[in-house]
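Here the structure is a predicted model, which means the values were calculated and not measured. Just so you know, ligand 1 is whichever comes first in the structure, and atom 1 is the first atom listed for that ligand. We count residues from 1, following the sequence as given.
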Amino acid sequence: MTRIFSGIKPTGHLTLGNYLGAVRRWVEVDQHAAEALFCVVDLHALTVEHDPARVRRLSRQAATLLLAAGLDPALCTVFVQSHVDEHARLSYLLECTAADGELRRMIQYKEKSARARASGESVRFSLLSYPVLMAADILAYRTDEVPVGDDQTQHVELTRDLAVRFNQRYGQTFTVPRATRPTVAARVMDLQDPASKMGKSHESGAGIVYLLDDPDVVRKKIMRSVTDSGREVVYDRETRPGVANLLEILAACENGNPSELADGYASYGALKKDTAEAVVETLRPLRERHAALVADPGQVDAVLTAGADRARRLARPVVDAAYRAMGLLPAG
Ligand code: TYM
């Protein structure tokens, strides 16, 4: 059976980008179609300046939101990365497989390290090795498919390279995975800056819809989104990025097609209004289930404990095999 693995990083509140680019497909398709594991990748949240209490809070919130979004522990495995030692164990072996140059070429590393330097922060070494840990997340489960948004494509490509290289050097150990992406909304853009991705950790939240925003806040953010000069509603990412972003968001919420939807609008205002309502309706059930789960934290804990047990059982033999293949002496 196809094995699927994907993860989400608790560096900020989850966004509409996370939902439309990844989580919604995990819920609607992946957990039904395959043996699927979904992980709150908390170790990845330590690669940038962080507040320990906040990371703890956001990790719990992310797990709660994944369940509220509809991941069903009867169908898939939901767990927290740091509960399963195999990720960190395998990461070191893959650090010994990766080359310094290929990590320095990663777009996210270049962007994030430049931003940190510009604001006078030091760049943690783990920011450079981050994609190696991500590769370990994926390879530890002999994953076939990795459902992600566009921004993670390069990291999955690196994972493939590391798997192939390891297998060639040390013998067949890992499955070579492939990224899968949604047909629309693979890259939801910031509503105030349609040239940038809608990301959790942007400074001002004005262009970001968070999954737990109140409906009126969602409406306000979408109604105030930056559109383009011109009046006609056409779907063109190059020349009309703001409008194209709204059309993609609307299409994703309504399972439609952005170009076809564009034909139905004579003004930006009407498009914004419908997009706002579609997003509010899409997020409504999630917000309601989230409120119920927050009132019963024991339920989330139980899911995470069982999830980590199962993940550990799957990853352990794969990582042990990698240790042996690389020449490490088996313990007793
Ligand atoms: P993260 O936490 O930034 O994002 C989680 C998922 O949401 C997608 N996504 C988006 N999709 C469309 N539009 C956007 N604006 C948008 N923003 C985020 C991401 O592509 C991702 O699928 N490195 C990963 C986490 C990770 C991981 C893994 C993923 C760690 N190990 C192993 C897959 C497999 C990350 O930072 O995702």
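- To the nearest 0.5 angstrom, His44 atom NE2 is 8.5 Å from His87 atom NE2.
- Using a 4.0 Å heavy-atom cutoff, Ala185 is listed among the residues neighbouring ligand 1.
- No more than 12 heavy atoms of other residues, nucleotides or ligands shown are found within 6.0 angstrom of CZ on Arg224.
- With a heavy-atom cut-off of 4.0 Å, His44 touches ligand 1 through its side chain alone.
- Tyr235 does not carry Arg240 over the face of its six-membered ring by the limits of under 6.0 Å from the centre and within 45° of the normal.
- At most 12 heavy atoms of other shown residues, nucleotides or ligands fall within 6.0 angstrom of atom CD in Glu232.
- Within the 4.0 Å heavy-atom cutoff, Tyr19 does not count among the residues contacting ligand 1.
- With ligand atoms numbered from 1 in the order given, ligand 1 contributes 19 (C), 20 (O) to contacts under 4.0 Å with heavy atoms of Asp151.
- In the vicinity of Ala22, heavy-atom distances shorter than 4.0 Å reach the ligand 1 atoms 6 (C), 7 (O), 22 (O).
- Under the 4.5 Å side-chain criterion, counting only non-hydrogen atoms from C-beta, Ile208 is not in contact with Leu191.
- When only interatomic distances are considered, the shortest N/O to N/O separation between Gln152 and ligand 1 falls below 3.5 Å.
- At least one N or O atom of Lys9, backbone or side chain, sits closer than 3.5 Å to an N or O atom of ligand 1.
- Near Ile8, meaning under 4.0 Å from one of its heavy atoms, ligand 1 places the atoms 2 (O), 5 (C).
- Distances below 4.0 Å separate heavy atoms of Ile138 from the following atoms of ligand 1: 32 (C), 34 (C).
- Ligand-side atoms of ligand 1 in range of Phe5: 32 (C), 34 (C), range being under 4.0 angstrom from any heavy atom.
- In Val23, neither the side chain nor the backbone holds a heavy atom less than 4.0 Å from any atom of ligand 1.
- Distances shorter than 4.0 angstrom occur between a heavy atom of Lys200 and an atom of ligand 1.
- Per-residue contacts place Val146 under 4.0 angstrom from the following atoms of ligand 1 (heavy atoms of the residue considered): 33 (C), 34 (C).
- When side chains are defined from C-beta on, Lys200 does not count as touching His13, because their heavy atoms never get closer than 4.5 Å.
- Looking only at side-chain heavy atoms (C-beta outward), Arg284 and Arg287 stay at 4.5 Å or farther from each other.
- Taking 4.0 Å as the cut-off, Ala186 counts as a neighbour of ligand 1 on heavy-atom distance.
- Counting heavy atoms from C-beta on, the side chains of Leu94 and Phe174 come closer than 4.5 Å.
- Note: no N/O pair closer than 3.5 Å links Asp150 and ligand 1 by distance alone.
- When side chains are defined from C-beta on, Arg124 counts as touching His50, because their heavy atoms get closer than 4.5 Å.
- Distances below 4.0 Å separate heavy atoms of Tyr130 from the following atoms of ligand 1: 23 (N), 24 (C), 35 (C), 36 (O).
- Both the backbone and the side chain of Val188 come within 4.0 Å of ligand 1, judged by heavy-atom distances.
- Near Gly21, the atoms of ligand 1 lying under 4.0 angstrom from a non-hydrogen atom of the residue are 11 (N), 12 (C).
- Side-chain contact between Cys39 and Asp137 is absent, with no heavy atoms from C-beta onward closer than 4.5 Å.
- More than 12 heavy atoms of other residues, nucleotides or ligands sit less than 6.0 Å from atom CG of Leu328.
- With a heavy-atom cut-off of 4.0 Å, Asp137 touches ligand 1 through its side chain alone.
- Nearest approach of Glu86 to Arg312, heavy atoms of both residues: OE1-CG, 3.8 Å.
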